[in-house]
Amino acid sequence: MARTLETMGEAAAEQGLIRRARAGDRGAFDALVRLHFAAVYAFLHRMIRSHEDAEDLAQECFVRAWRSLPHYRAESAFSTWLLRIALHLSHDHHREKLRRAPIVAIEEVEVAARAPEAGGEGVRDIAGAISRLPERLRAAIVLRALEGREYAEIAQVLGVKPATARTHVMQARRMLLRWLRGGRADGGRAK
Amino acid sequence: VRSCREIRAGIAASLDESLPIEAVFAIEEHVRGCEACRAEHELARELESALARIPEPPVDRLDVERAVATVRAAIDVERTPVARRRWIPIAIAAACAASLLLTLRLPLPHPHPARPSAPAPVLVEEPRILPEPPPDPRNAARAQQAREEVRCVLARAAASPPRDLASVFDEGARDLDRAGWPVLRLVEGALGDPELPVARAAVRVLGARADRLAVRALESAFARPELRVDAALALCDAGDLGVESLEPALQDPRTRPLVLERLVARRGEPTVRVIEAFVRDAGRLAPAPDRSALVLEGIDSLARLGPDAVLPLLRLGSSGAIAPAEAIDALARTEDAGDAVADLVLARPRGVDDALALQAVAALAPPRALPLLERRALEVREHRRDVLDAIAACGGEGGLAALLRLLASGKIAESELEEPIAACLSRDRDAGAGAVQAFTRAGRRVELQVSHAFLVGHAGAACAPAFVALGGCAMLPASDRRWAVLLAGEVGRGSDAEAVAELYASLKPAERELRAACLVAIRELAGLERVERALEGLPPRALRRALSLLSDADAKSRPVSTVARLARELESALASGTP
């Protein structure tokens with residue numbers, strides 16, 4: 001009961017800002033930007049691993065959010081809606097990168113991960129391995145394992161059912177486990 | 001019994017905390033006896049550990065204000081969503097109107113053409129109002145006549161009750177108005193009338209029917225000492241324009257109390273702005289002897305404006321116009337300020353010092369602020385200590401549960417949370433028990449384990465009710481529950497014995513070790529007599545054996561581990577009968 005009321009209060013405060021922003025109140029939208037910028041940036045940084053690109057994309061995310069605000073129907077939390085926009089931007093960014101330079105094929109994650117990227121002390125570049133996961137799986141594992149979000153929210157960000165979101169997370173974990181096993185096997189062989 | 005394949009499939013999921021606890025135990029039991037699966041399990045743990053070691057994005061490098069400015073600049077070049085939406089119905093309405101006009105005006109095709117001589121049918125009889133020629137102000141005689149007429153009407157209106165004055169004047173001046181005379185300008189001319197009732201009536205009419213020019217005229221009337229009070233009150237009535245012009249009236253000690261009273265009754269955004277400016281100027285410009293009285297008068301008026309006063313009071317406190325403590329004190333007196341203060345936790349408006357806003361949240365402790373503070377503590381490092389103190393100030397079960405959730409999140413160092421949690425517990429001992437029960441109801445196993453570990457490491461008298469609640473929590477391992485109960489006995493007060501006795505009575509007969517720990521704790525807290533009452537119904541021999549074990553002279557000086565051993569010895573005494 002208490003938790004429900006707390007959540008309702010929080011949502012009401014945010015809904016107030018959203019309502020005012022939809023009515024054209026720039027101050028309220030600024031408040032929403034202040035409120036969510038860090039979270040959007042953090043998600044994008046985990047997805048694309050570049051401070052500058054993540055910051056630029058986070059700004060672009062809010063510009064798009066302003067543009068789409070009349071279409072926001074509050075079917076999901078505002079933060080979830082923003083992450084959905086951020087995810088699209090991250091996809092676009094990835095596609096743009098693909099156009100510019102060839103990257104390692106998804107199926108080669110295992111093979112590529114065996115390369116001694118991080119070197120020294122046996123520390124592997126897990127973040128690098130995550131960045132080579134298929135985009136959907138990457139977003140799922142980032143949202144679940146690095147941001148600790150619930151499956152229902154992950155599903156809304158990815159635009160899939162919660163069960164599918166769970167499957168994506170599991171697939172990502174399995175791919176990362178394969179990568180880890182490969183690295184260990186290589187390490188063993190090296191010795 | 002599950003196959004290795006099933007176990008391996010579940011290993012990744014087991015670390016996701018999404019499996020039922022039984023399944024997690026099944027996996028853990030399997031990997032103890034299966035080397036291949038153990039290797040897989042270790043690998044999965046290694047993956048989780050590697051994921052946990054990924055550095056957080058450099059959020060502290062962000063300049064959020066710059067980002068806000070950039071976003072604002074980018075959207076400034078676009079149409080606002082509201083503007084776009086508003087054009088749609090306007091465009092539709094315009095299209096409908098145009099089509100209607102066309103339908104009405106254009107002759108419809110008719111099978112039999114109308115006779116050329118027949119007149120076109122008149123669908124709407126348009127009124128033919130020919131405007132009167134406007135009065136010629138250059139005609140001095142007529143202008144003088146109009147001024148006299150206005151003066152007469154004002155004199156008549158002055159005799160009517162103040163509430164009806166404006167409507168009586170409107171009635172009397174209707175003919176002049178219809179004839180096109182600028183009546184309000186004629187009323188302005190009456191402000192200098194030697195007859196004071198006429199001039200005062202003119203002031204009131206201008207206040208009730210004010211336009212921009214009338215407000216200017218009222219500002220001038222304020223210079224006449226005999227009209228000053230009327231002009232000030234008229235400006236209060238003259239809409240936002242009039243309120244904006246009240247600065248001189250607020251500086252004058254004769255008009256200030258009346259104007260403040262009228263403004264407080266009026267409320268609204270311009271009112272708040274004007275009083276805020278008055279307090280700021282009084283704090284900065286007023287001579288020292290008057291300053292504090294003026295500032296206090298303004299603060300009191302602001303505090304009576306309800307939630308609208310929250311931002312101005314905090315702005316005044318942030319700018320140094322008033323002391324931060326004065327701002328918080330005024331907020332505490334402001335009706336319904338709590339929710340508005342809570343909104344500031346996330347909104348962080350310009351001109352308001354974040355630390356002061358958080359102090360205000362801590363002072364007012366509105367329940368709605370808790371989830372916002374919890375979220376803020378996780379997302380923004382700036383002023384985090386103030387945020388945690390504000391959560392502690394909100395106190396109670398909710399405040400402590402929020403702090404423990406933050407601890408369980410692993411995103412905030414334990415050292416940062418020690419003092420706020422201690423403050424929360426020392427203010428309300430029962431908060432610990434409440435938080436533990438809330439976690440239990442919600443099935444928050446991780447939070448319970450983290451709470452147990454933290455409280456064991458920081459055991460004090462205030463933790464005792466929480467320990468008793470942890471002792472009753474079936475989601476925790478039996479050994480953790482036993483430790484919690486024994487610690488409750490060690491650090492608690494005599495009054496905690498009743499809660500332990502209640503726990504004892506609620507336990508199943510099979511939970512013998514925990515029951516024994518409860519008896520040890522009751523002995524520590526309230527002595528053997530209370531234990532005897534708790535054991536009422538036990539066969540005499542078993543009761544004697546239990547009391548003899550508990551009355552062992554060395555037991556009190558033994559450390560907790562020794563007391564745990566004593567608890568095990570009690571099992572055999574209790575095995576012969578259950579009260």
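Within every chain, numbering begins at 1; the chains are lettered A, B, ... in the order of the sequence lines, protein sequences first and strands thereafter.
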Check whether more than 12 heavy atoms from other residues, nucleotides or ligands sit under 6.0 Å from atom [atom1] of [X], and answer yes or no.
| X | atom1 | result |
| --- | --- | --- |
| B/Arg273 | CZ | yes |
| A/Lys161 | NZ | no |
| B/Arg38 | CZ | yes |

Quiz item: If you look at every heavy atom in A/Ala38 and B/Val59, which pair is closest and at what distance?
Solution: CB-CG1, 3.8 Å
Exercise. List the atom of B/Pro57, the atom of A/Ala42, and the distance in Å for their closest heavy-atom pair.
Key: CG-O, 3.7 Å
Can you check whether [X] reaches [Y] side chain to side chain, under 4.5 Å on heavy atoms?
| X | Y | value |
| --- | --- | --- |
| A/Phe62 | B/Ile75 | no |
| B/Leu51 | A/Ile130 | yes |
| A/Ile126 | B/Leu47 | yes |
| A/Leu35 | B/Arg375 | yes |

Quiz item: Where on B/Asp60 is there a heavy atom nearer than 4.5 Å to chain A: the side chain, the backbone, both, or neither?
Solution: neither
Exercise. Go through the atoms of B/Arg61 and report whether side chain, backbone, both or neither lie under 4.5 Å from a heavy atom of chain A.
Key: both
Exercise. For each of A/His51, A/His45, A/Glu60, tally heavy-atom pairs with chain B at distances under 4.5 Å, and name the one with the top tally.
Key: A/His51
Practice problem: Heavy atoms only, distances under 4.5 angstrom: which of A/Phe29, A/Phe43, A/Phe37 has the most pairs with chain B? Name it, please. | Solution: A/Phe37
Checking heavy atoms, do the side chain of [X], its backbone, both or neither come under 4.5 Å from chain B?
| X | value |
| --- | --- |
| A/Glu55 | side chain |
| A/Glu150 | neither |
| A/Ala145 | side chain |

Self-check item: For chain A, the option from B/Thr70, B/Val68, B/Leu62 that forms the most heavy-atom pairs under 4.5 Å
Solution: B/Leu62
Self-check item: Separation of A/Asp30 CG from B/Arg348 CZ (nearest 0.5 Å)
Solution: 13.5 Å
Quiz item: Distance from B/Arg66 atom CZ to A/Gln59 atom CD, nearest 0.5 Å?
Solution: 6.5 Å
